[in-house]
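Encoded as structure tokens, the structure appears first; notes follow it.
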Amino acid sequence: MSFMEKPWGGRFSEKTDEFVEEFTESVSFDRELAYEDIRQDIAHIKTLEKAGILTEEEAKKLMEALEDIKRDIEEGKFKWKRELEDVHMNIEAELTRRVGELGGKLHTGRSRNDQVTTDERLYLKGEIEEIVNLLRELRRSLLRTAEGSIDVILPAYTHLQRAQPIRLAHYFLSFREAFLKDTERFLDCYRRVDELPLGSGAVAGVDFPLDRHFTAELLGFNRLVRNSIYATADRDFIAEFLFCCALTGMHLSRLAEDLIVWSSEEFGYIDLPDKLCTGSSIMPQKKNPDILELIRGKTGRLYGNLISLLTILKGLPSAYNRDLQEDKEPLFDSVRTLKGSLVGMVKVIDGLRIREQSMYSGAGNFVLITDVANYLVQKGIPFRKAHHIAGSIVSYLIEKGKRLEELTIDELRNFSELFDEDVFELFKPEVVADRRKTYGGTSREEVLRILSVAKKEEGLL
Ligand code: ARG
């Protein structure tokens, strides 16, 4: 291709350096936006027709050719050319090849600067919808698992040390809560993505009488971006989306970490189905939770993509700069990564086998000691003193190599005269869990209440 054939070739008298062509192209990745680009082209053509810039016949011819091009892309027949830089110029050049000079009218009143960000917003609206659907699936799967585990008791951990007994349902609901917040964040982000930049031109607006409201309606945008400089210069909506991905990734990663630890032989709290695990090429006994490790590991990318974009944006002079082309790979990568991780997590949660007995035996002994202290508080002892007494019981038991449940009433009375036989009730993890009846606590009745609220919220009741 000679420089004359580039869509911008007019003012050039030298062929583009090969390396520059390779270094500056984006079509190898931004072809992901091809369908959005064609949708936009068609809406733009209709807007040009409404403005009297294209005749009905011209518009029809252009739109038909674009539909053909779309079909070729779908069927993998379209020839993408690196020397045509990006998805936009590839499609426009092919259109012109097919319809002749008329193709040159398509880009009237438009710049790639408002074109590219329009494509991105269209793309992102679709992807946010998909992510929100996957998040709903994950929340529902957590909810189902929670329902099935209302009577499973395990120790909650703080500092990865056994802390207090909880209901397993309460644990799963904690992540459902986190993913609900993530969903809300994506939906809120969607509102800001849902604004049309097209009609902003290169930076200053457009000198043809384009009805931007009409274009917005055609493309299903709720509002227009209100300032042409902001419309073409900013990628804040992508940064915000990448943040939502990063935060969701963080939640997935923490859940993955718990499940990895729980599936270890040391914990033995859960089993993962064979079909979700992989083996070792050298150690025959291994069954590795790779899917969870990768969900945890891929969170690094989600963070990295956010930081990449924020860094790309921070020093840019207003308005469009070619640096902005670097927004796409982080965006596509986060979309792919997050969707994959969500699908993977649903499979894991649906396939978990819970080992109730090992969870239950982890929830006894010292895990119950907070309530022994609180028992004394109910008998009038100040909490700090009760805490101290209970602490001495722990150290006595460690020294004797005994468990809390083995204590006799006489031994207990050596620590405080206020202990009665009814203290033994507190040596049952489920009893201790059910004492936590405050709003949002782990008692059976409170967890059941939250379960039914959650089911209503998910449209399951
Ligand atoms: N491929 C470019 C991008 O992704 C399209 C916009 C190019 N605009 C320009 N004036 N060079 O940002």
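Ligands are counted one by one from 1 in listed order, and the atoms in each one are counted from 1 as well.
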Q | Heavy-atom donor-acceptor pair, R322 side chain to T24 backbone, under 3.5 Å | A |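 Yes; at least one donor-acceptor contact below 3.5 Å.
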
Q: Kindly determine whether Y269 and Y171 satisfy ring pair (Phe, Tyr, Trp, His ring centres under 6.0 Å), including the steps that lead there.
A: CA-CA 13 Å; Y269 283 1; Y171 171 85; over 10 Å; no

Q. Do K328's NZ or CZ and the ring of F29 fall within the cation-pi criteria of under 6.0 Å and 45°?
A.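 Verdict for F29: no cation-pi partner in K328.
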
Q. For the rings on Y35 and Y123, is their centre-to-centre separation under 6.0 Å?
A. no

Q) Between F241 and F186, is the ring centre distance below 6.0 Å? A) yes

Sub-3.5 Å pairs, protein N or O with ligand 1 N or O:
unit_1, atom_1, unit_2, atom_2, d
ligand 1, 1 (N), S26, OG, 3.4
ligand 1, 1 (N), D86, OD2, 3.0
ligand 1, 1 (N), Q325, OE1, 2.8
ligand 1, 4 (O), K328, NZ, 2.5
ligand 1, 8 (N), N113, OD1, 3.1
ligand 1, 10 (N), N113, OD1, 3.2
ligand 1, 12 (O), Y320, OH, 2.4

**Q.** Name of the residue among R436, K437, R435, R167 meeting salt bridge (Lys or Arg N to Asp or Glu O under 4.0 Å) with E445
**A.** K437

